[in-house]
There are 2 protein chains.
Amino acid sequence: MKNTNEVINGLIVNMFNNLLVIEKNSLAATEHKDLTMTEWHVLEQIGLTRKTMTEVANQLKITVGTLTTTINRLVKKDYVTRNQAVDDRRFVYIELTRKGQLAFKEHELFHKNMVKSVVDKLDESDNEVLINSIDKLTQFFKQQYKDQIIP
Amino acid sequence: MKNTNEVINGLIVNMFNNLLVIEKNSLAATEHKDLTMTEWHVLEQIGLTRKTMTEVANQLKITVGTLTTTINRLVKKDYVTRNQAVDDRRFVYIELTRKGQLAFKEHELFHKNMVKSVVDKLDESDNEVLINSIDKLTQFFKQQYKDQIIP
DNA sequence: AATAATGCTTTGATACTCAAAGTATTATTT
DNA sequence: AAATAATACTTTGAGTATCAAAGCATTATT
């Protein structure tokens, strides 16, 4: 089955090379043209409930210091609010503004369309295989680098 | 099938957030610790035959100018050679040195292991579904942004 | 011979990233 | 209660990554 492996590997590499560019162009066609891809992904991780800096940084696998600078910009652009927690003032809560929520929903739509384009063309048992396969990939990662993965 | 879509989307996003970090750590464990991820991916695209600057830049979806600076560094680190084409001196051929080829094979190994971990656990018809699914994703990209995709 | 087109490099600017040092706050130890 | 440690975040310094636009050779077209 050497050939199968190579085909799958080629497709995965190709997919990864393309996805970011595609996503970027797709999102640039929305009203929120002032967002970089990093900023889009930060908005995606914050989601519709407030989060702490560390939570979001862990999910994105970046340092909190890096996130700080991105949040600075997102606050300036009015996509995010930043508030110190009242119960423990070491924590900072970041939360989407209304504008941020609108952007979030556009990003969500891109992903939904992407997945829909795949799933619609497969029958139910095929979907199970797909889920299973992606899950196997994730497990491959976890197995080799347990301590670095946030589940 | 709303739920299926959400599961698949979640897995994909998670996979993308993880992959680069995982790959980075895996490759940092090799002898070639002086390579950045961008540099690894350039080596991957050059492969075992010589390529022109434009070829590689197109595959990676970066500008030729960006590639120039990366190649500068890879030449300095002795992973790549750069030679003007004799038949048409506008072209520049880039090619892996022996050291570059060794690195290339290590990168290849990472990908092979990754795919193997998935494929080994699926039977033959499942593999077809997986290929089919990834292919659908690629088609989704192509369909919406035809002019930007290099096939 | 002049002009256009092509392939690459350079330049200037911004974004992204990390590690390490610094600040403020809370928890633990003595 | 005071000193120390731990935690959450920000700032700083430095290198990498990226692009658009301008520039340089070389080749193709007019």
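Rounded to a whole Å, the CG atom of A:Leu35 is 12 Å from the P atom of C:dA15. Whole-Å rounding puts the A:Ile71 CD1 to C:dT17 P distance at 12 Å. In this entry the distance linking CZ of B:Arg73 with C1' of C:dT9 reads 15 Å, nearest Å. What separates CG of B:Asn58 from C1' of C:dT6 is a distance of 13 Å, to the nearest Å. For A:Leu67 and D:dT10, the CG to C1' distance is 11 Å, given to the nearest whole Å. The NZ atom of B:Lys33 sits 20 Å away from the C1' atom of D:dT16 (whole-angstrom rounding). In this structure, B:Asp88 atom CG and C:dC8 atom C1' are separated by 12 Å, rounded to whole Å. Going from atom CH2 of B:Trp40 over to atom P of D:dA17 covers 14 Å, rounded to whole Å.
No more than 12 heavy-atom neighbours from other residues, nucleotides or ligands sit within 6.0 angstrom of NZ on A:Lys76. For A:Arg50, the CZ atom sits in a loose shell: 12 or fewer heavy atoms of surrounding residues, nucleotides or ligands are nearer than 6.0 Å.
By the salt bridge (charged side-chain N to carboxylate O under 4.0 Å, His left out) test, A:Lys24 pairs with no residue at all, sequence neighbours left out.
Each of A:Arg89 and A:Thr36 was assigned the nucleotide of DNA chain C with the nearest heavy atom; the assignment lying further toward the 5' end belongs to A:Thr36. Place A:Thr70 and A:Asp87 on DNA chain C by their nearest nucleotides, and A:Thr70 ends up nearer the 5' end. Toward the 5' end of DNA chain D, the nearer of the two residues B:Val86 and A:Thr54, judged by each one's closest nucleotide, is A:Thr54.
Minimum atom distance to the side chain of B:Phe91 is reached by C:dC8, of the listed D:dT10, D:dC19, C:dC8. Which of D:dC19, D:dT10, D:dA25 sits closest to the side chain of A:Arg82 comes down to D:dT10. Closest approach to the A:Thr63 side chain among D:dC9, D:dC19, C:dA19 is made by C:dA19 (side chain taken as heavy atoms from C-beta onward). The side chain of B:Arg90 sits closest to C:dA5 out of C:dA5, D:dC19, C:dT10.
Nucleic acid contact for B:Val92: sugar-phosphate only, since backbone atoms but no base atoms lie under 4.0 Å from a heavy atom of the residue. Counting any heavy atom pair closer than 4.0 Å across all strands shown, A:Thr52 reaches sugar-phosphate atoms only and no base atom. Using a 4.0 Å heavy-atom criterion, one finds that B:Thr68 contacts the bases of the nucleic acid, with or without backbone contacts as well.
Atom OG1 in A:Thr66 sits 9.5 Å away from atom CE in A:Met53 (nearest 0.5 Å).
Salt bridge annotation for B:Lys51-B:Glu95: absent, with no cationic side-chain nitrogen under 4.0 angstrom from a carboxylate oxygen.
Regarding contacts with the backbone of D:dA17, a side-chain N or O of B:Thr38 is found under 4.0 angstrom from either OP1 or OP2.
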